[in-house]
2 protein chains.
Amino acid sequence: MASDPKSARGGRARSRREPGISDVAAAAGVSVGTVSHVLNRPEVVALRTRERIERVMLELGFVPDLSARRLRLGMGRVIGVQVLDIANPFWGEVVRGVEESARAAGYVIMVFSSSESAEIEARNLDLLRLHRVDGLLIAPVATDERRLREIDARGTPVVLLDHRSERGRLPAVTVDDVLGGVMAAEYLRGRGHERIAFVTGPLDIAAYRDRRAGVRSVLRRRQRQCEEVVEVRVAGLNAREGAAAVQRLLSRDPRPTAVLCANDLLALGVLRGLTERGVRVPEDVSLIGYDDLDFSAMLSPALTTIRQHPFRIGQSAGELLIARLTDPDLSAPRQLLFEPELVVRASA
Amino acid sequence: MASDPKSARGGRARSRREPGISDVAAAAGVSVGTVSHVLNRPEVVALRTRERIERVMLELGFVPDLSARRLRLGMGRVIGVQVLDIANPFWGEVVRGVEESARAAGYVIMVFSSSESAEIEARNLDLLRLHRVDGLLIAPVATDERRLREIDARGTPVVLLDHRSERGRLPAVTVDDVLGGVMAAEYLRGRGHERIAFVTGPLDIAAYRDRRAGVRSVLRRRQRQCEEVVEVRVAGLNAREGAAAVQRLLSRDPRPTAVLCANDLLALGVLRGLTERGVRVPEDVSLIGYDDLDFSAMLSPALTTIRQHPFRIGQSAGELLIARLTDPDLSAPRQLLFEPELVVRASA
DNA sequence: CCCGAAAGTTGAAACGTCTCAATAGACTCT
DNA sequence: AGAGTCTATTGAGACGTTTCAACTTTCGGG
């Protein structure tokens, strides 16, 4: 045990361990308590000592170890984020918004993507628990939010992302998806469409369920039997699935005159599929998406869609969560509801 | 100090602290050492004891605290990731790939986006250091990689993402961007274009620099003076900046006959800008992008572009990093180079 | 010159885990 | 029965912080 074998292997790499608070203390001729104070309560330590210690910190390249601090304090300035699909620009913007608000408050984010799979979500939640994140921002896949409420009650504040809470029991930042669905459907109805298809993903996800509900409510308001919503369910809300759905869409008889997609990626795929089969948009079939992603205006035809503001959603959710973290006994769970906006272009 | 004021406030929330290894030990009538063993070296503990302990763990809902473990072990199964722009689907896919490989190995990712800003990057690196991540996957903004090499040498393995290392001193996963530039330029030259514009972002970023180098090498190979690369620099590689660049693009005299963009988002913006001004693509100006994002095939006109495989980049980089983490004294820094692919569509 | 208060500093305990040397028990062999 | 081997278990110390009560020093006032 006299000679250390580890220092021999690997040459110079991984040589000296990072300096800790006690190395600083030693070098500055002071106790660890004092060093810790200059970190956390600088005002209690004498100016001269403080300056000396700060100088030493710089020289040694000292950086405090947050995970040691977390162990002591029970908070580590990390928030977990789970989105439905990190490769979708909508969620990318949401994450960017979260990161922004997190950075502003000195927090850091741990990111997960569930790919809309409940199993992956469950595993991710386990990981989040293992790492004891301070708070959680999540676009849930699982139908019931019991587990999330449990996590919240156990001391890890949860804020729902783009998903309203059952009876508002958890704070949430949402866009009014029912209204979005209504807007799209009313627009189509106003243009005389009576047989409308709705292409969506798993209905476990509240956002898609709400959009559908909005669409249906409009069409059901009229009594006539011929107004009907044809529903096509796909596995994931991406362009590939959209293209695959076209087959099923066209085989319906009578064929829908308009297609409403639960998001723009899906609409993109549908558009590709339709075009490949020689079906013209909007002459033969009208098409409406949801999200108004960057590219949507430049498709051919330009996509009519419902605009949201994902960056703001992420940012507000982040701020809401951080507010709860900062002041644990904050009033009632807050719900933030943004309004969607119909953007009419050429496709419908 | 006899009565605890904290337990009063907030009602039931945040009540009992999470059970630790010692709670399990107490409940199972065994020492903490033994409990720790069933976690890390199950084979050394007697079957009966082990089962009993496992049962207790389940009952108590015990989950080990990884950040305490990190403190002891110096490794916490967290890897940091920094991309250039999380809202760009290219990087979204990269992150998805990283997450995939991380999950497979029981790691978790901490995500940052630099927005191509060197200051943000520097701040993010500080945060990463504070949190003592085990390894780092980064698409660097800063020109020189000294700081990264330093981090690597100090014991936090670094793998470069979509960025080749100076003289191959750091492991990297890259696509051959020079080749991509060559392919695009040769294609244009083959179609008779002689005055080509290249729209790009900050040239600190190696990928863009390489793409430009490839383009230039092709055009310079011919001696004729009239072959020239017109360069337009923008602040960020997104659609908005692309649209803004069009103004400058068209004011050049003589006007370029073809425009090459450093990525598809930029091309999207350029396309929008050109269309708005009544310039037809490809009749008046040819346009080529880079990345082949999902939507690129569906633009009007469909975008000719260079295809990459971001998911694979992310995944391979993740695997490479985790291999280094698992076996610290791994041979030489490895470079992984993917080949790009020209996808010819209508825009050029 | 002594007292008390104010200002600075200290040392130890605690957070939850891992590891290692030490111990205890059971079994085998002579 | 004693010595020697295994197998299971234990307890203490360490990882890098924070915090708090206790201590020392300084200083003003009586």
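Lettering of chains follows the sequences in order, A, B, ..., and the numbering in each one begins at 1.
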Salt bridge check: are B:Glu166 and B:Arg149 linked by an N-O gap of less than 4.0 Å? yes
End-to-end bend of the helix from C:dC1-D:dG30 to C:dT30-D:dA1 (five-pair axes, 10° rounding)? 60°
Close residues, residues 59-71 of chain B, relative to DNA chain D [heavy-atom separation under 4.0 Å]: B:Leu71
Taking N and O atoms by type only, does the side chain of B:Arg72 place a donor or acceptor under 3.5 Å from a partner on the base of D:dC15? no
By the side chain to side chain donor-acceptor pair (under 3.5 Å) test, which pairs, at least two apart or in different chains, include something from residues 97-111 of chain A? A:Glu100-A:Arg103
Under a 4.0 Å threshold between the charged nitrogen and the carboxylate oxygen, would A:Asp152 count as salt-bridged to A:Arg147? no
If you measure only the distance, is there a donor-acceptor pair under 3.5 Å linking the side chains of A:Ser36 and A:Asn40? yes
Could you tell me the separation between the CG atom of B:Leu73 and the C1' atom of C:dG16, rounded to a whole number of Å? 12 Å
Quiz question: by atom type and distance under 3.5 Å, do the side chains of A:Ser165 and A:Gln335 form a donor-acceptor pair? no
Hits for salt bridge (Lys or Arg N to Asp or Glu O under 4.0 Å) against B:Asp144, two or more places apart or cross-chain, chain-then-number order -> B:Arg146
Could you tell me whether A:Gly33 contacts a base, only the sugar-phosphate backbone, or nothing, with contacts defined as non-hydrogen atoms closer than 4.0 Å? base
Return the set of residues passing side-chain hydrogen bond (donor to acceptor under 3.5 Å, both in side chains) with A:Asn124 (not counting sequence neighbours), or none when no residue passes. A:Gln82
What are the two closest heavy atoms between B:Asp162 and B:Thr174, and how far apart are they? C-CG2, 4.1 Å
Which residues in residues 37-51 of chain A have a heavy atom closer than 4.0 Å to any atom of DNA chain C? A:His37, A:Val45, A:Ala46, A:Thr49
Atom pair distance, as rounded to whole Å: CZ in A:Arg129 and C1' in C:dG16: 14 Å
Those residues at least two apart in sequence (or on a different chain) that pass salt bridge (Lys or Arg N to Asp or Glu O under 4.0 Å) with A:Arg129 are B:Glu18
Nucleotide nearest B:Arg17 (side chain, heavy atoms from C-beta), chosen from D:dT18, C:dG16, C:dT10: C:dG16
A:Thr34 has a side chain; which of D:dA12, C:dT9, D:dT19 sits nearest to it? C:dT9
For residues 41-62 of chain B, run the donor-acceptor check on the side chains, cut-off 3.5 Å, and write out each pair with its distance to 0.1 Å, sequence neighbours left out.
unit_1, atom_1, unit_2, atom_2, d
B:Thr49, OG1, B:Ala46, O, 3.2
B:Arg50, NH1, B:Pro42, O, 3.3
B:Arg52, NH1, B:Ala28, O, 2.5

Phosphate OP1/OP2 of C:dT17 contacted by B:Ser36 side-chain N/O (<4.0 Å): no
Taking salt bridge (Lys or Arg N to Asp or Glu O under 4.0 Å) as the definition, give me every residue that meets it alongside A:Asp204, ordered by chain and number, with sequence neighbours left out. none
For the student: nearest non-hydrogen atoms of A:Leu321 and A:Leu136, plus distance: CD2-N, 3.7 Å
Length of the line joining A:Ile21:CD1 and C:dG11:P, which is rounded to integer Å: 14 Å
Inter- and intrachain pairs under salt bridge (charged side-chain N to carboxylate O under 4.0 Å, His left out), touching residues 66-76 of chain A, at least two apart: A:Arg70-B:Asp65
Every protein N/O lying under 3.5 Å from an N/O of nucleotides 22-26 of chain D:
none

Among pairs that include at least one residue of residues 104-119 of chain B, which meet salt bridge (charged side-chain N to carboxylate O under 4.0 Å, His left out), considering only residues two or more places apart or in two chains? none
Using whole Å, report how far CE of B:Met75 lies from C1' of C:dT17. 16 Å
